[in-house]
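Single-structure report; data block below.
In this text, all values refer to a predicted model and were calculated from it rather than measured experimentally. Residue numbers count from 1 along this sequence.
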Amino acid sequence: MMLAVLPSPTENVSTQRVIHQIRSPRNVSSKVLVITDYDYFLTKRDLKRLLISYQRIILVPAHMRASQNLETLVQPFEYVHLVTCPGSWQPSKALLVQKRSNFHISTISDFCEETLGKVYIAQSAPHINSSGMFPGFSPGIRLFKKGLDTLLSLGLLVVSSPAWLWSAFKINQQSPGPVFYRQMRVGRKEQEFTCVKFRSMRLDAEVSGAAFSSKHDSRTFAFGAFMRKVRLDELPQLLSVLKGEMSLIGPRPERRVFTQVFEEEIPHYQERHIIKPGITGYAQICYPYGAGLQDARHKLMYDLYYIKHWSVRLEAYIFFRTIVTVFTKQGC
């Protein structure tokens with residue numbers, strides 16, 4: 001499959017005033033997906049999945065108005081799936097309904113949840129009080145997760161005990177200093193707690209101030225980089241799970257200095273704090289490692305989907321995918 005490199009939403013607007021077309025040379029179906037009011041909510045993972053079903057994907061950026069050119073673009077295809085915002089529903093539909101009978105229309109919100117497995121969060125939207133939009137887990141789900149967290153955490157502590165000793169030895173050998181790294185993180189109901197991890201960075205890692213970790217962070221020492229790849233540095237957080245501060249699965253906890261910015265810039269960001277944070281989560285298995293505002297928006301879409309559509313099946317899927325990540329060294 002051929003994936004086009006789409007402009008970043010931070011690029012100059014003038015460079016975005018084009019309709020993007022992504023084609024799949026392997027898919028010979030006569031189906032096209034058209035997304036108007038597009039604000040860069042798709043990831044490469046999304047595009048790969050979509051190109052299995054559609055021969056072509058046409059993306060009309062949000063600042064452009066759909067025009068009669070759209071009918072020309074979709075003319076060669078027998079089936080058209082149009083995804084658009086409710087406000088653009090009628091004018092967009094009018095472009096297709098005149099000469100075409102084989103088409104389907106979805107809102108962006110429905111398309112994201114039903115097809116992509118995430119909750120759509122607009123890139124730019126008025127800041128609103130979203131309290132109560134996501135009710136969180138029922139008492140039954142919380143009880144189930146607490147029991148599962150306790151049993152699995154105790155089992156993992158026993159199984160991983162040799163790794164604790166080995167990690168402590170290697171950290172002291174390569175970077176003398178504290179074995180553990182403690183940092184305040186934001187948990188459920190925005191209450192802070194002390195997050196403990198095996199130290200994977202040099203002692204002077206944040207001498208210039210707080211900064212996001214990167215995938216190939218130069219501040220890590222050799223064994224620290226290895227620990228992060230196999231998630232070994234996360235093991236001490238099992239103690240936070242047993243204390244009830246974290247869950248095995250949930251949104252990853254962030255530092256207050258970052259959540260304050262995200263809550264101001266990203267709609268509904270505070271809703272991820274209605275449940276306990278997790279050692280691993282749906283966003284971690286669906287989205288590649290990233291840092292910054294745009295990455296936070298993408299990860300939030302997955303976190304909110306997990307909260308809204310929680311099920312035993314989804315919980316098991318995340319746990320299984322995390323195990324695969326550990327053994328294939330796909331961590332950051």
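Judged purely by distance below 3.5 Å, without hydrogens or angles, the side chains of Gln21 and Arg56 pair a donor atom with an acceptor atom. Between His298 and Thr43, the side chains place no donor N or O within less than 3.5 Å of an acceptor N or O (distance only, hydrogens not considered). In summary, the side chains of Tyr317 and Arg321 do present a donor paired with an acceptor at a separation below 3.5 Å, with no hydrogens or angles considered. For the 3.5 Å distance criterion, the side chains of Gln183 and Tyr181 qualify, holding a donor opposite an acceptor. Looking only at atom types and distance, the side chain of His309 has no donor-acceptor partner in the side chain of Ser311 under 3.5 Å away. Between Glu315 and Tyr306, the side chains place a donor N or O and an acceptor N or O closer than 3.5 Å (distance only, hydrogens not considered). Between the side chains of Asp39 and Tyr120, at least one donor N or O lies within less than 3.5 Å of an accepting N or O. Looking at Arg272 and Gln270, their side chains never bring a donor and an acceptor atom within 3.5 Å of each other. Thr325 and Arg231 share no donor-acceptor pair across their side chains, judged by distance under 3.5 Å alone. No side-chain N or O of Asn27 forms a donor-acceptor pair with one of Tyr54 less than 3.5 Å apart.
A donor-acceptor pair under 3.5 Å is absent between the side-chain atoms of Arg185 and the main chain of Val196, judged by distance alone. In terms of modelled atom types and a separation under 3.5 Å, the side chain of Asp110 and the main chain of Ser106 share no donor-acceptor contact.
For residues 155-179, the set of pairs meeting the salt bridge (Lys or Arg N to Asp or Glu O under 4.0 Å) definition, not counting sequence neighbours, is empty. Identified under the salt bridge (Lys or Arg N to Asp or Glu O under 4.0 Å) test for residues 152-165, with sequence neighbours left out: none. Within the structure, the salt bridge (Lys or Arg N to Asp or Glu O under 4.0 Å) test picks out the following pairs touching residues 234-246 (sequence neighbours left out): Lys197-Glu234, Glu234-Arg252, Lys243-Glu245.
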Return a table of donor-acceptor pairs under 3.5 angstrom between the side chains of residues 155-162 and protein atoms on other chains or two or more places apart.
residue	atom	partner	partner atom	Å
Ser160	OG	Leu156	O	2.6
Ser160	OG	Trp164	NE1	3.1
Ser161	OG	Val158	O	2.9

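For Lys308, the salt bridge (charged side-chain N to carboxylate O under 4.0 Å, His left out) partners two or more places apart in sequence, or in a different chain, are Glu113. Phe180 pairs by the ring-ring contact (aromatic ring centres under 6.0 Å, His included) definition with Phe198, not counting sequence neighbours.
The cationic atom of Lys118 (NZ for Lys, CZ for Arg) does not lie both less than 6.0 Å from the six-membered ring centre of Tyr305 and within 45° of the ring axis.
Using a 4.0 Å cut-off between a side-chain N of Lys or Arg and a carboxylate O of Asp or Glu, Asp233 and Arg228 do not qualify as a salt bridge. Salt bridge absent: Arg297 and Glu265 never bring a charged side-chain N and a carboxylate O closer than 4.0 Å.
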>> Between Tyr40 and Tyr38, does the ring pair (Phe, Tyr, Trp, His ring centres under 6.0 Å) criterion hold? Intermediate values first, please.
In response: CA-CA 6 Å; Tyr40 302 87; Tyr38 178 63; 5.1 Å; yes
>> Is there a side chain to side chain contact (heavy atoms under 4.5 Å, CB included) between Lys145 and Phe137? Walk through the geometry before answering.
In response: CA-CA 10 Å; Lys145 280 181 65 67; Phe137 293 154; 3.7 Å; yes
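Under the 4.5 Å side-chain heavy-atom criterion for Ile, Leu, Val, Met, Phe, Trp and Tyr, Phe319 and Leu242 are members of the same hydrophobic cluster. Residues Met246 and Leu151 are members of separate hydrophobic clusters, defined by side-chain heavy-atom contacts under 4.5 angstrom among Ile, Leu, Val, Met, Phe, Trp and Tyr.
The two residues Thr36 and Ile108 have their closest heavy-atom pair at O-CD1, 3.8 Å. Between Ala225 and Thr220 the shortest heavy-atom distance is CB-OG1, 3.8 Å.
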